[in-house]
Amino acid sequence: ECLTCSVDDKLYKHTCLNECPSDTYETPESECFDCDSTCATCSGSSHSECLTCVEGDFFYQSSCLAACPSNTFVDGVTCVDCHSTCATCSGSNNDECLTCSVDDKLYKHTCLNECPSDTYETPESECFDCDSTCATCSGSSHSECLTCVEGDFFYQSSCLAACPSNTFVDGVTCVDCHSTCATCSGSNNDECLTCSV
């Protein structure tokens with residue numbers, strides 16, 4: 001059993017070697033000590049001083065883990081942090097989010113404080129585009145408009161290029177004629193332009 005070694009050799013478990021074994025680290029005194037069991041190679045004895053991991057584990061911030069933390073994504077055998085705006089992600093850019101923090105909304109893989117005005121928000125805090133006929137909406141269908149793009153008329157939650165014949169224009173809204181009218185200038189029965197058959 002050796003207590004010290006010659007100048008070029010390394011002491012490992014009372015044996016002198018030319019080099020430290022790969023799963024050990026070398027001290028300034030030329031002694032070799034085992035890495036933490038989670039490390040394949042290391043710079044010190046702690047589990048947070050790994051340089052590489054044993055097969056099947058993932059490297060993250062100098063540690064080896066069985067799985068990557070939720071705010072990271074896997075790149076080979078390394079866990080990489082998501083962009084700061086993402087809770088979970090598929091990459092490190094701000095447009096690669098899968099989910100957002102509690103208060104933010106997810107729109108086209110980007111986390112925003114609010115949904116854009118031409119989108120609607122789901123109960124899962126995701127934003128989706130309105131139908132192209134809607135300026136604002138409550139859902140994706142053309143019959144879920146709240147307001148219309150300029151030049152169109154609002155009628156029964158839809159946006160139309162012109163009001164139907166049994167309605168009249170009130171600003172940007174189509175309003176139904178009285179039931180006795182086929183065409184009208186107002187909603188009362190004495191505002192018929194033509195009568196229904």
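Along the sequence shown, residues carry numbers from 1. All values below were derived from every heavy atom in this structure, side-chain atoms included, with hydrogens, water molecules and symmetry-related copies excluded.
- Across Ser132 and Val149, no two heavy atoms sit closer than the pair O-CG1, 4.1 Å.
- If you take OH on Tyr120 and SG on Cys145, they are separated by 12.0 Å, rounding to the nearest 0.5 Å.
- Counting only distance, with no hydrogens or angles, the side chain of Thr183 and the backbone of Asn166 share no donor-acceptor pair below 3.5 Å.
- The shortest side-chain heavy-atom distance between Phe58 and Cys53 does not fall under the 4.5 Å cut-off.
- Remark: Tyr155 pairs with Leu160, Pro164, Thr167, Cys174, Asp176 by the side-chain contact (heavy atoms from CB on, under 4.5 Å) rule, at least two apart or across chains.
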*Test Phe33 against Thr24 for side-chain contact (heavy atoms from CB on, under 4.5 Å), laying out the working first.*
CA-CA 5 Å; Phe33 291 98; Thr24 66; 5.9 Å; no

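- Taken to the nearest 0.5 Å, the CG atom of Asp104 stands 5.5 Å off from the CG atom of Asn113.
- For Thr85, the side-chain contact (heavy atoms from CB on, under 4.5 Å) criterion is met by His83, Asn94, Cys97, Cys111, not counting sequence neighbours.
- Nearest heavy-atom pair across Phe154 and Cys159 is CD1-SG, 4.4 Å.
- In terms of the side-chain contact (heavy atoms from CB on, under 4.5 Å) criterion, residue partners of Cys82 (sequence neighbours excluded) are, by chain and number, Cys86, Cys89.
- Cluster note: Leu193 groups with no other residue, as no ILVMFWY side-chain heavy atom lies under 4.5 Å from it.
- For Asp131, the side-chain contact (heavy atoms from CB on, under 4.5 Å) test picks out Thr133, Cys134, His142, with sequence neighbours left out.
- Taking a 6.0 Å sphere around CG of Asp190, one finds it holds more than 12 heavy atoms contributed by other residues, nucleotides or ligands.
- Under 3.5 Å, the side chains of Thr78 and Asp75 contain no donor-acceptor pair of N or O atoms.
- Side-chain contact between Phe73 and Cys68 is absent, with no heavy atoms from C-beta onward closer than 4.5 Å.
- Pairs passing the salt bridge (Lys or Arg N to Asp or Glu O under 4.0 Å) check and including a residue from residues 13-29, sequence neighbours excluded, read Lys10-Glu26, Lys13-Asp34.
- Between the Glu126 side chain and the Thr122 main chain, no donor and acceptor come within less than 3.5 Å of each other.
- Distance check, rounded to the nearest 0.5 Å: CG of Asp103 to OG of Ser125 gives 8.5 Å.
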